[in-house]
Asker: 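I am attaching a structure below and will ask some questions about it afterwards.
The sequence lines fix the lettering, A, B, ..., with proteins before strands; numbering per chain opens at 1.
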Amino acid sequence: MPELPEVNAKKNHFDQVALHKKIEKVDLIDTSYILKNMDGPAFAEKLSGRTFTETYRRGKYFFAKMDNGHYVLLHFGMSGHFYYYEDMSGQPKHERFAFVFEEGSRMGFNCPRKLARIHYVEDLEDFIARKNLGEDALKLQEEDFMELTAGRKGTLKGFLLNQKYLAGMGNLYVDEVCWQQHIHPASVTGALTEKQRRALFRNMQDILKKAVSLDAVYADYPDEWLWNHRTKDSQCPRDGTDLQRDKVAGRSTYYCPNCQELIE
DNA sequence: TGTGATGTTGAATG
DNA sequence: GCATTCAACATCAC
């Protein structure tokens, strides 16, 4: 589930249940694939006795700051999720590790597909610079977006998905904004007019803000959006045309062949 | 049973 | 440097 609004919802959850609680230990189940820059026991040792003091989200990257000034980066991949519980009966099936708080509750990190990535980060700025991670899509300024898009070759979808330009957009929100703007996702980014690019940018932020305000609960997303119509054999909520499904920028893409213009 | 899934990365290619 | 395509990562659900 995790694109910007989903990760934001996870942050909200984490802030609510995990901040300011002393970590007694880290329960390691299987961190072999997801923990990237140290092994499980070293990670557990680093975290033991620490307290999370605040959190920071940039795009889909979630950083939990500790009382020693260091961070834990949690990237959820495709299927990562937090589960907070006090009774072991609440332990999720694919928990890879859990922060065990002194009071006895646990913040479990569940990840069936092991595509999540965890790093122990001493220097946040350095980590972001090395990742070449772009500005958060909600913090990006319109003029910077205009500069990033001007004259750019390559598909609009490929651009919006690339986290080094702006961070946070994923497959579903990209389809949504392209659809709302009547623009075919395979359009050439730099071929859009200035007016189109400005409108796209504003609409993108509006969509993200709305999704964040709804805590990424899909059932509450406006029915006028493509979102809940983005399924096999469905129709465009605007004009009833059968939606088309193609691969664009290597990702499964839904769009309306009738009302989304290919600009190139 | 085969296929695809909200993400990222690296290799190969143009 | 830029952009594209493909494969890989590991598991589950349909």
Side-chain angles (χ1 to χ4, degrees), chain A residues 1-11 29-37 57-62 73-82 92-97 109-119 127-128 130-134 136-137 147-179 185-191 204 207-208 210-212 214-221 225-234 243-255 264:
Chain A
M1 308 156 47
E3 303 180 39
L4 189 156
E6 290 78 6
V7 175
N8 201 75
K10 294 178 200 303
K11 177 186 190 300
I29 293 137
D30 176 13
T31 53
S32 56
Y33 249 95
I34 59 176
L35 187 53
K36 301 317 277 187
N37 65 343
R57 182 193 59 68
R58 180 162 171 143
K60 308 168 192 174
Y61 288 71
F62 173 74
L73 158 75
L74 295 146
H75 188 289
F76 300 91
M78 296 267 258
S79 64
H81 196 52
F82 288 134
K93 188 175 174 189
H94 300 284
E95 186 177 270
R96 303 303 173 185
F97 69 89
F109 188 84
N110 195 60
C111 186
R113 292 173 58 191
K114 293 189 182 175
L115 295 175
R117 295 294 176 256
I118 320 293
H119 285 251
F127 178 87
I128 288 168
R130 282 169 191 271
K131 274 277 169 223
N132 201 10
L133 188 60
D136 185 79
E147 223 172 276
L148 285 168
T149 48
R152 183 166 299 282
K153 299 190 174 76
T155 64
L156 179 59
K157 179 148 191 170
F159 167 77
L160 291 171
L161 283 175
N162 192 328
Q163 305 297 302
K164 79 178 175 187
Y165 299 130
L166 64 164
M169 290 293 278
N171 199 30
L172 275 51
Y173 291 94
V174 169
D175 279 5
E176 184 67 40
V177 71
C178 287
W179 178 82
S187 295
V188 175
T189 309
M204 173 187 79
I207 289 167
L208 290 173
K210 180 74 176 171
V212 163
L214 295 172
D215 228 27
V217 175
Y218 299 164
D220 294 340
Y221 283 15
W225 283 15
L226 174 67
W227 198 272
N228 290 317
H229 305 268
R230 191 188 174 284
T231 56
K232 185 158 72 73
D233 301 324
S234 56
L243 291 175
Q244 185 123 350
R245 182 173 160 238
D246 278 340
K247 277 229 184 299
V248 178
R251 305 298 300 281
S252 186
T253 300
Y254 286 84
Y255 64 95
E264 48 191 357

Asker: Distance check: side-chain N/O of A:His94 vs OP1/OP2 of C:dC12, anything under 4.0 Å?
Answerer: yes

Asker: Whole Å only: how far is the CG atom of A:Asn171 from the C1' atom of B:dA5?
Answerer: 10 Å

Asker: Determine: side-chain N/O of A:Lys153 to OP1/OP2 of C:dC2, distance under 4.0 Å, yes or no.
Answerer: no

Asker: Would you indicate which nucleotide in C:dC2, B:dT9, B:dG7 comes nearest to any side-chain atom of A:Arg152?
Answerer: C:dC2

Asker: With under 30° as parallel and over 60° as perpendicular, where do the rings of A:Phe82 and A:Phe109 fit, or are they tilted in between?
Answerer: perpendicular

Asker: For B:dT9, does OP1 or OP2 lie under 4.0 Å from any side-chain N or O of A:Arg117?
Answerer: no

Asker: Can you tell me the distance, in whole Å, between the OH atom of A:Tyr221 and the C1' atom of B:dT6?
Answerer: 11 Å

Asker: Classify the nucleic acid contact of A:Gly250 as base, sugar-phosphate or nothing, counting any heavy atom under 4.0 Å across all strands shown.
Answerer: nothing

Asker: Here's a test of your reading of the structure: between A:Lys164 and A:Val248, which maps to the more 5' nucleotide of DNA chain C?
Answerer: A:Lys164

Asker: Across the strands shown, which category fits A:Lys36 at heavy-atom distances under 4.0 angstrom: base, sugar-phosphate, nothing?
Answerer: nothing

Asker: Indicate whether any N or O donor in one side chain lies under 3.5 Å from an N or O acceptor in the other, for A:Asn8 and A:Arg57.
Answerer: yes

Asker: Can you figure out which of C:dC12, B:dT6, B:dA5 approaches the side chain of A:Arg245 most closely?
Answerer: B:dA5

Asker: Hey, mind stepping through A:Ile34 and A:Phe97 against side chain to side chain contact (heavy atoms under 4.5 Å, CB included) and telling me if it holds?
Answerer: CA-CA 10 Å; A:Ile34 59 176; A:Phe97 69 89; 4.3 Å; yes

Asker: With sugar-phosphate meaning primed atoms plus P, OP1 and OP2, does A:Phe62 contact a base, only sugar-phosphate, or nothing at under 4.0 Å between heavy atoms?
Answerer: nothing

Asker: Please state the P separation for the pair B:dT3 and C:dA7 - nearest whole angstrom.
Answerer: 13 Å

Asker: Given the C1' atoms of C:dC6 and B:dG4, what is the spacing between them in whole Å?
Answerer: 16 Å

Asker: What is the separation between atom CG on A:Leu160 and atom C1' on B:dT8, rounded to the nearest whole Å?
Answerer: 17 Å

Asker: Check this one for me: any side-chain N or O of A:Arg113 less than 4.0 Å away from OP1 or OP2 of B:dG7?
Answerer: no

Asker: Look at the side-chain N and O atoms of A:Gln163 and state whether any lies under 4.0 Å from the OP1 or OP2 oxygen of B:dT8.
Answerer: yes

Asker: So what does A:Leu115 hit on the nucleic acid, given a heavy-atom distance under 4.0 Å: a base, only sugar-phosphate, or nothing?
Answerer: base

Asker: Using a cut-off of strictly less than 4.0 Å, decide whether A:Ser79 has a side-chain nitrogen or oxygen near OP1 or OP2 of B:dA5.
Answerer: no

Asker: Can you tell me if the side-chain N/O atoms of A:Lys114 get under 4.0 Å from OP1 or OP2 in C:dT11?
Answerer: yes

Asker: Report yes or no: do A:Tyr165 and A:Arg152 form a side-chain donor-acceptor pair below 3.5 Å?
Answerer: yes

Asker: Ignoring backbone atoms, test whether A:Lys131 places a side-chain nitrogen or oxygen under 4.0 Å from the OP1 or OP2 oxygen of B:dT9.
Answerer: yes

Asker: Less than 3.5 Å apart, any donor N or O on the side chain of A:Tyr255 or A:Asp246 sitting next to an acceptor on the other?
Answerer: yes

Asker: Can you tell me if A:Arg245 and A:Ser252 form a side-chain donor-acceptor pair at under 3.5 Å?
Answerer: yes

Asker: For A:Lys247 and A:His75, take the nucleotide of DNA chain B holding the closest heavy atom to each; which residue's nucleotide lies nearer the 5' end?
Answerer: A:Lys247

Asker: Can you tell me the distance, in whole Å, between the NZ atom of A:Lys232 and the P atom of B:dT3?
Answerer: 15 Å

Asker: May I have the distance from A:Asn132 (atom CG) to B:dG10 (atom P), rounded to whole angstrom?
Answerer: 12 Å

Asker: For B:dG7, does OP1 or OP2 lie under 4.0 Å from any side-chain N or O of A:Tyr173?
Answerer: no

Asker: Applying a 3.5 angstrom cut-off to the pairing atoms, does DNA chain B sit in any stems of at least three consecutive Watson-Crick or G-U pairs? List them by first number.
Answerer: B:2-5 with C:11-14, B:7-14 with C:2-9

Asker: Is the A:Trp179-A:Tyr254 ring centre distance short of 6.0 angstrom?
Answerer: no

Asker: Round to the nearest Å and state the distance from A:Lys10 atom NZ to B:dT6 atom P.
Answerer: 15 Å

Asker: What about the rings of A:Phe127 and A:His119, do their centers lie closer together than 6.0 Å?
Answerer: yes

Asker: Quick one: which of B:dT9, C:dT4, B:dT6 gets closest to the side chain of A:Thr155?
Answerer: C:dT4

Asker: Students often mix this up, so state it plainly: with edges at 30° and 60°, are the rings of A:Tyr61 and A:His75 parallel, tilted or perpendicular?
Answerer: perpendicular

Asker: Measure NZ/A:Lys157 against P/C:dA3 and give the value in whole Å, please.
Answerer: 18 Å

Asker: Whole angstroms only, please: what is the CG-C1' distance between A:Leu161 and C:dT5?
Answerer: 14 Å

